[in-house]
Structure formats: structure tokens, C-alpha cells
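Structure first, commentary second.
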Amino acid sequence: MAKLPRQLEGEEVAPLATDTEPQGHTRREFLRSATLFTATVAGLGGGLELLTRRPSGTAEAQAAAVTRKRALGPYDTSEPVTSYQAMTTYNNFYEFGLGKDDPSRNAGSLRTRPWTIKIDGEVRRPQTVDIDTLQSWFPLEDRVYRMRCVEAWSMVMPWMGFPLAALIRRLEPTGKAKYVKFTTLQDPKQMPGQRSGVLDWPYVEALRLDEALHPLAFMAVGLDGKILPNQNGAPLRLVIPWKYGFKNIKSIVRISLVSERPKTTWALAAPDEYGFYANVNPAVDHPRWSQATERRIGEVARRKTLPFNGYADAVAGLYKGLDLRRNF
Ligand SMILES: Nc1nc2c(c(=O)[nH]1)N[C@H]1C(S)=C(S)[C@@H](COP(=O)(O)O)O[C@H]1N2
Ligand SMILES: [Mo]
């Protein structure tokens with residue numbers, strides 16, 4: 001395994017960054033707003049203990065971290081969380097290379113502050129907003145979600161962020177808005193993988209508006225109580241736990257409400273292999289491999305893949321009347 005970028009070295013023992021790191025300012029800002037939130041929800045027993053805990057090498061600190069671990073919320077899985085090492089070194093982020101460890105080695109070149117997100121299309125409040133402002137609009141929540149890549153591996157990831165529905169409601173979609181389109185940064189200087197034509201840049205993903213408004217649909221700014229590492233899609237990425245991982249677009253710079261279904265990157269690249277919906281479905285194989293089982297990173301035996309990645313009770317109703325074999 002190649003050497004990790006500097007900001008991840010020693011992450012296990014010292015996750016609270018110092019100001020000497022390139023991203024120190026970012027983290028300090030993030031922690032400040034998160035701490036504010038923790039103060040307001042402390043009495044509710046939820047919130048950001050994961051963020052505010054201070055793991056260190058001492059047994060005492062580790063015990064404190066365990067006992068302060070928050071209770072699981074209604075959307076969380078109780079399955080064991082994947083190791084932070086795996087979540088941050090086994091990634092797909094083709095803007096930084098095709099190998100699983102390329103993003104962790106190369107994404108240090110991504111500058112995540114200042115960072116703005118353009119919001120446009122069928123909304124009453126089109127605007128370009130700074131990431132820190134956007135983040136301050138919402139109390140941050142934790143979500144422990146399964147993540148199932150279309151390549152048939154999976155993880156359990158503890159995100160921090162806010163519901164996508166909260167953002168969309170705030171933007172006030174017009175009656176013509178039917179889809180939400182997301183676009184990743186395009187800048188080959190920061191994203192060396194964009195110098196290759198492996199995908200049509202920038203990476204684009206989209207959801208139907210009703211999918212985007214579902215309470216499971218999430219915008220992440222943090223992972224495991226720490227600011228989102230660049231390789232996981234800093235500073236803002238989508239998390240849709242019932243869909244294949246490629247829907248979870250990273251490093252978002254634009255969110256557009258639109259009336260027509262957008263063309264999305266993987267569906268354009270290989271329309272026979274990747275559909276618009278990309279709902280996890282063990283009954284519909286990828287043309288080149290089975291989707292019936294998956295390799296959970298950190299486990300030996302394969303797991304059965306569940307319809308909608310185990311979220312069928314919550315989301316199957318969104319697709320009533322839709323032929324899920326045709327609309328894969
Ligand atoms: N912009 C962008 N977003 C992306 C990708 C990508 O290559 N570029 N890869 C997707 C795929 S295939 C997966 S499985 C997830 C992986 O997220 P993770 O590395 O945080 O686990 O990111 C998704 N989002
Ligand atoms: Mo993926």
C-alpha cells in the first residue's frame with residue numbers, strides 16, 4: 001500500500017488537526033460550527049459526540065470514546081462500522097485515478113476551501129453559496145449507512161451531514177422541478193485523473209425529485225466524526241444508501257433543479273451496464289458479474305445482497321409501478 005497523504009497520517013491517534021496543516025483552517029471552522037450544534041442538542045442525547053470526542057492513544061480516552069458513542073437513530077444500521085483505514089484508502093474517485101488507493105494518494109491536490117456551490121434551475125432562490133454558509137444552514141446529523149458499490153463490495157460508513165430534503169426545501173423548487181442534478185468540480189490541475197478520457201468530465205449524477213426528498217437521502221460533510229477526507233468527496237458529497245455507490249457523487253460544485261431527466265456519467269459511459277436508477281437489486285445482474293452477493297470489506301464470507309441494499313421498507317414505495325428490470 002502506498003504512503004498516505006500527510007493529512008491522514010496518524011489520523012487514528014490525532015484526528016483533530018492542527019493549524020499547520022493545509023486543511024487546518026477548514027477543520028477548525030468545521031469543528032467550531034459542529035461544537036455549536038452539539039451545545040444545542042446535548043440535552044437530547046444525539047448529535048456529534050463522534051465529532052467532538054478526542055481519541056488519543058490512551059486507554060482512558062478510548063474508553064471515553066466508546067461510552068460516549070451515541071445511540072443509533074431510526075435510519076442507522078447496527079452492523080459493524082468498516083475500519084476508518086479501509087473507508088479512506090479503498091475508494092472510487094476516478095478524478096484521482098482508477099486504482100482503489102489512488103484517491104487517498106492523489107487527492108491532496110484538491111483545495112476544498114474556499115469552495116462554492118452554484119444552485120440554479122427551477123428554484124425560487126438560485127444562488128452561489130459558500131460551503132461553510134451552506135453547512136451552517138442545517139444542524140449536522142450522524143447516519144450509519146450501508147454502502148454497496150456496483151462492483152459487489154460493500155462497507156458500513158458513519159456519515160455526518162444533513163438531509164438533502166432540508167436543502168431542497170430551502171431552495172424552494174418551482175412546479176417545473178422534476179429532477180435534481182449534481183455536478184463534480186472540473187479542474188484537471190487539481191484532479192489529475194481528468195487529464196484522461198476514461199469518463200466524460202465533469203462527473204454528473206441525478207435523482208428524481210421525490211427520491212431526493214426521501215429522508216434517507218443525505219448530504220455528507222464528515223465521516224466518522226471528522227471532516228470528510230478529500231478522497232471521500234470533500235467538501236460535500238451525496239449519500240443515497242439504497243442505490244449503487246456511483247450515485248454518491250463527490251466534491252459537488254453545482255446543484256440544479258431541472259424538468260428533464262439529466263444524462264448521468266456512468267449511464268452515458270456504458271448504458272447497458274449502468275442505469276439511471278441504479279437501485280441495489282440482487283435480482284438484476286450486471287452484464288459481467290452477479291449482483292446476488294457482495295464482499296463486505298473486513299469480512300471473509302460473502303453476504304447476500306438485499307433489495308434496495310436493505311432499505312426496501314423505507315424506499316420500495318418510490319418505485320411502485322416501475323419495472324425494475326427495465327429501469328435498472
Ligand atoms: N465525482 C465522483 N464521484 C464518485 C465517483 C467518482 O469516480 N467520481 N465514484 C463513485 C463510486 S463508483 C463509488 S462506489 C463511491 C465511493 O465512495 P467512497 O470512496 O467514499 O467509499 O463514490 C462515487 N462517487
Ligand atoms: Mo462504485
Side-chain angles (χ1 to χ4, degrees), residues 4-5 8 81-107 110 112 115 117 143-161 181-188 190-194 196-207 218-224 226-255 262 264-270 273-275 278-280 286 288-289 291 294-298 305 309:
L4 295 175
L8 284 180
V81 169
T82 301
S83 81
Y84 190 76
Q85 168 75 13
M87 292 190 294
T88 55
T89 58
Y90 190 89
N91 301 101
N92 277 335
F93 199 169
Y94 279 15
E95 285 84 341
F96 295 102
L98 307 187
K100 289 289 181 278
D101 65 346
D102 284 337
S104 58
R105 290 191 292 115
N106 299 334
L110 180 66
T112 59
W115 185 280
I117 295 126
R143 297 288 175 89
V144 186
Y145 281 162
R146 287 179 289 276
M147 208 279 285
R148 169 57 157 86
C149 177
V150 76
E151 297 164 336
W153 53 266
S154 65
M155 296 189 184
V156 174
M157 303 181 73
W159 301 106
M160 189 167 33
K181 175 183 172 185
F182 303 86
T183 308
T184 295
L185 177 70
Q186 179 166 23
D187 182 353
Q190 295 186 65
M191 297 179 142
Q194 290 179 335
S196 104
V198 59
L199 288 174
D200 199 3
W201 313 112
Y203 198 100
V204 168
E205 260 307 334
L207 300 167
F218 203 62
M219 299 294 294
V221 297
L223 177 67
D224 194 27
K226 296 173 270 289
I227 194 161
L228 205 55
N230 288 359
Q231 61 268 39
N232 295 96
L236 181 70
R237 67 86 64 77
L238 184 65
V239 183
I240 306 293
W242 70 93
K243 293 180 179 284
Y244 289 120
F246 69 83
K247 297 295 284 187
N248 297 345
I249 183 171
K250 295 176 169 181
S251 303
I252 294 165
V253 293
R254 185 173 176 188
I255 301 174
T264 51
T265 295
W266 277 105
L268 272 173
E273 303 191 351
Y274 310 104
N279 293 315
V280 174
H286 187 281
R288 292 182 279 128
W289 59 83
Q291 294 292 25
E294 66 199 53
R295 179 172 61 95
R296 174 70 52 86
I297 302 298
T305 290
N309 202 23

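Everything numeric in this text was worked out from a predicted model, so none of it was measured. We count ligands from 1, going down the list as the structure has it; atoms in each ligand are counted the same way.
Within the 4.5 Å cutoff, the side chain of Phe182 has no heavy atoms near those of the Val204 side chain.
For Asp200, there are no side chain to side chain contact (heavy atoms under 4.5 Å, CB included) partners two or more places apart in sequence or in a different chain. Remark: Gln186 pairs with Gln194, Trp201, Pro202 by the side chain to side chain contact (heavy atoms under 4.5 Å, CB included) rule, at least two apart or across chains. Under the ring pair (Phe, Tyr, Trp, His ring centres under 6.0 Å) criterion, Trp115 pairs with no residue, sequence neighbours left out.
Judged by distance alone, the side chains of Ser154 and Arg148 never bring a donor and an acceptor atom under 3.5 Å apart.
Using cut-offs of 30° and 60° on the angle between ring planes, the pair Tyr90 and Trp153 is perpendicular.
Listed by chain and number, residues touching ligand 1 at under 4.0 Å (heavy atoms only) are Asn91, Asn92, Phe93, Tyr94, Glu95, Met147, Cys149, Met157, Thr184, Tyr203, Asn232, Arg237, Gly245, Phe246, Asn248, Ile249, Lys250.
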